Amino acid sequence: MDVAATRLTLGAILILLCGCLQFKEQTMSYRHDPDTDRLLLFQDYRGIYGNDAKGVEGVPLSDKEETLLESVLSGQRTFFFSNWIYEYNRADVEKALAGLRDRSPEDERLSGEEVRKLTELAELALDKIHIENLGFYVGEGGKVCAAQRVTISALSKLVQSLNECGIVFMREFAAEDERTPEDRAATANFIEGAALDFVTVDGNSLTLRWPLSKASYENAFGEDAADSSRIAEMRKAGIGISWKDDVVTFVIGDVDDRVTRLTLTGNEGHYVTNLLERVRADKLPLTSLDPEAAAAKFLLGE
């Protein structure tokens, strides 16, 4: 199994996206139901367009954007805020799982036990994460929008599997060329510590802990960070970001939230109507979706 396949597996839940379809704003609403052990997410993307047009009206979607659009329409793919550019893509997880199963016996980058754990995580993701596209709708200002319903079943088992793979995730992170000696030391200390759970769920509160040196934390999340305005927006939206003892902690939602809702702006580029024109040209369905009502019905049954 090559390094690329390994890293696809390590990102089985959050994978870097390199597409050019952008959206001006996204709201992610979610509800954790402990009784059914499910996490329900409603994704609402507003003002979607092809950024390869560079803000010029009349420029159609590029080939790359067409390919991405097709993969979203026909596959199981969901996105988590475009400026941070994370996604879950079922096709990538399937590819990673195939790489694990075809791993050469001479490949010593992962132990047999680590391969077993990563394989279980990929299989769980494929079995327990289901994405339903609700189609396009025209929102405020005539901009094309879209929504999805995401159901994650057996959440506790999936979180447990993620945490069991934590050492592999962190070891790969520390091995990246841009990591400083301080980051590598922070990672080693986290791995050797007693608390290896880097993902926890408590009611509607989701927490991610990750080893990071003080200097790297300040560079990425401090007042002088290159994207400091984005960090400020995240904090204002309700994402807690803190650092202590070489660990950065991200917290979303409160334990007692009935529903947690996060809204962040997306790409700063100029919106153009190329996706709307593409939707109309191919007579793709444009629904009369009311996203707030649809979210309430999915998350709360209202």
Side-chain angles (χ1 to χ4, degrees), residues 14-30 41-89 131-150 227 229-239 252 259-299:
L14 295 177
I15 301 175
L16 187 65
L17 168 68
C18 299
C20 300
L21 286 178
Q22 305 286 351
F23 34 90
K24 299 301 293 182
E25 189 175 63
Q26 177 183 356
T27 296
M28 179 185 73
S29 306
Y30 72 85
L41 300 98
F42 190 90
Q43 302 273 44
D44 183 22
Y45 313 98
R46 297 182 292 280
I48 313 171
Y49 65 102
N51 198 39
D52 282 351
K54 306 300 181 185
V56 179
E57 283 290 0
V59 177
L61 297 181
S62 66
D63 290 344
K64 187 176 182 180
E65 290 165 344
E66 288 283 359
T67 300
L68 179 56
L69 176 63
E70 178 57 32
S71 73
V72 173
L73 292 175
S74 62
Q76 294 267 312
R77 200 167 188 174
T78 193
F79 308 91
F80 299 90
F81 305 112
S82 62
N83 270 16
W84 277 54
I85 323 178
Y86 289 114
E87 69 156 311
Y88 169 81
N89 186 353
I131 300 161
E132 181 184 1
N133 295 320
L134 300 182
F136 296 109
Y137 70 94
V138 176
E140 184 178 349
K143 293 181 174 65
V144 66
C145 308
Q148 294 175 316
R149 295 191 295 220
V150 182
D227 204 3
S229 61
R230 182 62 166 174
I231 304 304
E233 183 190 13
M234 291 174 61
R235 293 181 188 276
K236 186 176 181 179
I239 301 176
I252 302 175
V259 169
T260 299
R261 179 175 176 175
L262 296 174
T263 297
L264 289 174
T265 57
N267 187 271
E268 296 179 354
H270 180 69
Y271 177 83
V272 291
T273 60
N274 52 6
L275 178 60
L276 182 59
E277 292 165 359
R278 165 73 167 74
V279 168
R280 286 172 171 162
D282 278 15
K283 295 183 172 57
L284 297 176
L286 276 170
T287 72
S288 56
L289 182 75
D290 178 339
E292 291 189 8
K297 183 176 180 179
F298 176 60
L299 299 173

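Only a predicted model underlies this, so the values are computations on that prediction, with no experimental measurement involved. For reference, positions follow the sequence shown, starting with 1.
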Taking only residues two or more places apart in sequence, or in another chain, which ones meet [X] in a side-chain hydrogen bond (donor to acceptor under 3.5 Å, both in side chains)?
| X | answer |
| --- | --- |
| Q76 | none |
| S29 | none |
| R149 | E132 |
| E292 | none |

Work out which heavy atom in [X] is nearest to a heavy atom in [Y]; give both atom names and the distance.
| X | Y | answer |
| --- | --- | --- |
| G50 | L61 | CA-CD2, 3.8 Å |
| Q43 | Q26 | OE1-NE2, 2.8 Å |
| G47 | C145 | N-SG, 3.7 Å |
| A147 | F42 | CB-CZ, 3.8 Å |
| V272 | A53 | CG2-CB, 4.1 Å |

Kindly say whether [Y] contributes a backbone atom to a donor-acceptor pair with the side chain of [X] at under 3.5 angstrom?
| X | Y | value |
| --- | --- | --- |
| E25 | T263 | no |
| T287 | F136 | yes |
| E65 | N51 | yes |

message: Between D52 and N274, is the side chain to side chain contact (heavy atoms under 4.5 Å, CB included) condition met? List the steps.
response: CA-CA 10 Å; D52 282 351; N274 52 6; over 6 Å; no
Do [X] and [Y] come within less than 4.5 Å of each other through their side chains, counting heavy atoms only?
| X | Y | value |
| --- | --- | --- |
| Y88 | V150 | no |
| K54 | V59 | no |
| R230 | T265 | yes |

- prompt: With respect to L69, which candidate in L275, V279, I48 satisfies the side chain to side chain contact (heavy atoms under 4.5 Å, CB included) definition?
  reply: L275
message: Test: salt bridge (Lys or Arg N to Asp or Glu O under 4.0 Å). Region: residues 138-148. Which pairs qualify, not counting sequence neighbours?
response: none
What distance do [X] atom [atom1] and [Y] atom [atom2] have between them, rounded to the nearest 0.5 Å?
| X | Y | atom1 | atom2 | answer |
| --- | --- | --- | --- | --- |
| N89 | L68 | CG | CG | 9.0 Å |
| L299 | L41 | CG | CG | 8.0 Å |
| D227 | M234 | CG | CE | 9.5 Å |
| R280 | L276 | CZ | CG | 4.0 Å |

message: Let's go through Y45 and Q22 carefully: what are the C-alpha distance in whole Å and the side-chain angles of both, what is the deciding distance for side chain to side chain contact (heavy atoms under 4.5 Å, CB included) to 0.1 Å, and is it a yes or a no?
response: CA-CA 9 Å; Y45 313 98; Q22 305 286 351; over 6 Å; no
- request: Indicate yes or no: does K236 engage E233 in a salt bridge with an N to O separation below 4.0 Å.
  value: no
- prompt: Residues two or more places apart in sequence or in another chain: which of them pass ring pair (Phe, Tyr, Trp, His ring centres under 6.0 Å) with Y271?
  reply: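 For Y271 the ring pair (Phe, Tyr, Trp, His ring centres under 6.0 Å) partners, ignoring immediate neighbours, are Y49.
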